[in-house]
Every structure is written in C-alpha cells, then in structure tokens.
J.: 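Questions regarding the structure given below will be posed in turn.
From a predicted model like this one, the values you see are computed outputs, not experimental measurements.
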Amino acid sequence: MATAELNGAAITDMTSFHAACKAAMGFPDTYGATMDAWVDCLSYLRDDDGMSKFRLKPNEVLDIVIRDAAAMRAAAPDILEEVTYCVAGINERYEDYGEKPALKLTLK
C-alpha cells in the first residue's frame with residue numbers, strides 16, 4: 001500500500017498542513033494550498049495527471065498516516081475534521097466513477 005506520512009505535531013494551522021501535504025504527497029509547484037486544491041490533487045490518483053507523486057493501481061489505496069494525531073487534534077481540530085470529511089468525499093467520488101475508494105486515513 002502506498003503511504004504518505006504527516007507529522008501531526010508539526011501541523012498547527014492551514015499553512016503548515018498544506019506545506020506538509022505538498023512535501024509528503026509530491027503536489028506540484030502550482031499547488032494552490034487550499035482544501036479545494038488538496039481534493040483536486042487526490043481525486044485522480046489512478047490517472048497520470050501529475051498532481052501527486054503517487055499513481056495508484058486499480059485496487060491500490062493511498063494510506064495517509066498522521067503520526068501524533070493527538071497533537072494535531074489539540075492544535076488544529078478543525079483541520080483534522082476537514083481532512084476526514086474530504087477523504088470521505090474523495091472516496092465517494094471514486095465510487096461514483098465505479099472505482100474502489102483510493103484513500104485511507106490512519107491516525108496514530
């Protein structure tokens with residue numbers, strides 16, 4: 001399984017969240033650092049669109065692992081909630097296109 005690991009202790013606001021995601025997921029230099037851009041970059045992981053460093057096989061899943069999620073929950077609970085919501089929405093989009101969900105969120 002493909003894995004992108006984030007350090008939850010280092011995520012205290014949207015700026016640090018997007019910087020961590022860009023680094024861990026290989027988002028392009030044109031990444032807009034918004035949740036809409038985050039969703040866009042993770043919505044076509046099985047296509048060769050160049051929006052991340054991951055290109056998943058048909059049944060493969062990208063596990064987004066947030067280490068020290070408790071620290072992130074304490075410092076930025078709204079971001080963690082939004083990430084959870086967006087992962088579910090992206091997976092629903094994959095299902096709408098007849099594909100298996102492509103994302104898993106693991107909080108450690």
Side-chain angles (χ1 to χ4, degrees):
M1 177 182 317
T3 303
E5 195 166 299
L6 303 174
N7 177 0
I11 297 172
T12 57
D13 56 19
M14 288 303 252
T15 300
S16 57
F17 169 74
H18 288 293
C21 288
K22 183 178 179 186
M25 298 180 204
F27 293 160
D29 289 339
T30 58
Y31 176 61
T34 66
M35 287 311 291
D36 286 340
W38 192 84
V39 168
D40 287 345
C41 287
L42 295 175
S43 290
Y44 304 98
L45 292 169
R46 295 190 180 113
D47 299 332
D48 190 17
D49 68 355
M51 296 303 286
S52 80
K53 68 180 179 182
F54 297 100
R55 176 137 188 237
L56 302 180
K57 296 175 181 135
N59 293 320
E60 191 176 11
V61 173
L62 172 61
D63 190 8
I64 301 171
V65 177
I66 301 178
R67 287 182 293 104
D68 205 355
M72 182 177 172
R73 185 176 285 113
D78 53 327
I79 297 172
L80 191 54
E81 182 179 329
E82 190 162 4
V83 168
T84 302
Y85 175 80
C86 288
V87 166
I90 293 166
N91 281 335
E92 187 176 302
R93 181 181 290 177
Y94 278 102
E95 290 175 333
D96 287 347
Y97 287 110
E99 297 181 39
K100 293 191 174 194
L103 298 175
K104 176 183 176 194
L105 181 60
T106 302
L107 306 178
K108 291 186 174 185

J.: Among Ile11, Leu107, Leu105, which residue meets the side-chain contact (heavy atoms from CB on, under 4.5 Å) test with Val83?
T.: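 That would be Leu105; it is the only one of Ile11, Leu107, Leu105 passing the side-chain contact (heavy atoms from CB on, under 4.5 Å) with Val83.
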J.: Would a single hydrophobic cluster contain both Val39 and Tyr85, if residues Ile, Leu, Val, Met, Phe, Trp and Tyr are joined by side-chain heavy-atom contacts under 4.5 Å?
T.: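 They do not share one cluster, since no chain of ILVMFWY contacts under 4.5 Å joins Tyr85 to Val39.
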J.: Hey, could you give me the CG/CZ distance between Asn91 and Arg93, rounded to the nearest 0.5 Å?
T.: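 Separation between the atoms: 11.0 Å.
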J.: So how far is it from Glu99 CD to Asp47 CG, rounded to the nearest 0.5 Å?
T.: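 Rounded to the nearest 0.5 Å, the CD-CG separation comes out at 7.0 Å.
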J.: Does the Lys104 side chain pair with the main chain of Val65, one donor and one acceptor, at a distance under 3.5 Å?
T.: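 Side chain of Lys104 to backbone of Val65: no pair is present.
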J.: Does NZ in Lys53 sit with more than 12 non-hydrogen atoms of other residues, nucleotides or ligands closer than 6.0 Å?
T.: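 Above 12, so yes.
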J.: I'd like to check the salt bridge (Lys or Arg N to Asp or Glu O under 4.0 Å) partners of Asp29; sequence neighbours left out, ordered by chain and number.
T.: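 Asp29 satisfies salt bridge (Lys or Arg N to Asp or Glu O under 4.0 Å) with Lys22 once adjacent residues are dropped.
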J.: Please report the closest heavy-atom contact between Phe17 and Met35, naming both atoms and the distance.
T.: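 Heavy atoms only, the tightest pair is CE2-SD, 3.6 Å.
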J.: Would you say Tyr44 and Tyr31 are hydrophobically clustered, going by side-chain heavy atoms of ILVMFWY under 4.5 Å?
T.: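 No, separate clusters.
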J.: Working to the nearest 0.5 Å, report the span between OG1 of Thr3 and CE of Met25.
T.: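 It comes to 11.0 Å.
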J.: So how far is it from Ile64 CD1 to Glu5 CD, rounded to the nearest 0.5 Å?
T.: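 Between atom CD1 of Ile64 and atom CD of Glu5 there are 12.0 Å.
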J.: How long is the span from the OG atom in Ser16 to the CG atom in Asn7, to the nearest 0.5 Å?
T.: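 Here the interatomic distance stands at 10.0 Å.
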J.: Taking atom CD1 of Ile90 and atom CH2 of Trp38, what is their separation to the nearest 0.5 Å?
T.: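 Going from CD1 on Ile90 over to CH2 on Trp38, the span is 5.0 Å.
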J.: If you take all heavy atoms of Pro101 and Glu95, which pair is closest and at what distance?
T.: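 Heavy-atom minimum between the residues: CG-OE2, 3.4 Å.
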J.: Asp40 and Ser43: side-chain donor and acceptor closer than 3.5 Å?
T.: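 No.
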J.: Does anything in residues 68-80 pair up under salt bridge (Lys or Arg N to Asp or Glu O under 4.0 Å), and if so which pairs, sequence neighbours excluded?
T.: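 Every candidate salt bridge (Lys or Arg N to Asp or Glu O under 4.0 Å) pair involving residues 68-80 fails, so no pair, neighbours aside, qualifies.
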J.: Closest approach of Ala71 and Ala9, non-hydrogen atoms and distance?
T.: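 Smallest heavy-atom distance, with atoms named: CB-CA, 3.8 Å.
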J.: Does one hydrophobic cluster hold both Leu42 and Val87, with members joined at side-chain heavy-atom distances below 4.5 Å?
T.: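 Per the 4.5 Å side-chain linkage, Leu42 and Val87 are co-clustered.
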J.: Kindly give the heavy-atom pair with the smallest separation between Ala2 and Leu56, and that separation in Å.
T.: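 Smallest heavy-atom distance, with atoms named: CB-CD2, 3.9 Å.
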J.: Of all the heavy-atom pairs spanning Leu6 and Ala20, show the shortest one and how long it is.
T.: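 Taking Leu6 first and Ala20 second, the nearest heavy atoms are CD2-O, 3.6 Å.
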J.: Within 45 degrees of the axis of the six-membered ring of Tyr94 and under 6.0 Å from its centre: does Arg46 put its NZ or CZ there?
T.: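 Yes, a cation-pi geometry holds between Arg46 and Tyr94.
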J.: Return the minimal non-hydrogen interatomic distance between Ala37 and Gly32, and the atom names on each side.
T.: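 Of all heavy-atom pairs spanning Ala37 and Gly32, the closest is CB-N, 3.9 Å.
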J.: Taking atom CD as the centre, does Glu81 end up with more than 12 heavy-atom neighbours from other residues, nucleotides or ligands that are less than 6.0 angstrom away?
T.: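 No, because the 6.0 Å sphere around CD of Glu81 holds 12 heavy atoms or fewer from other groups.
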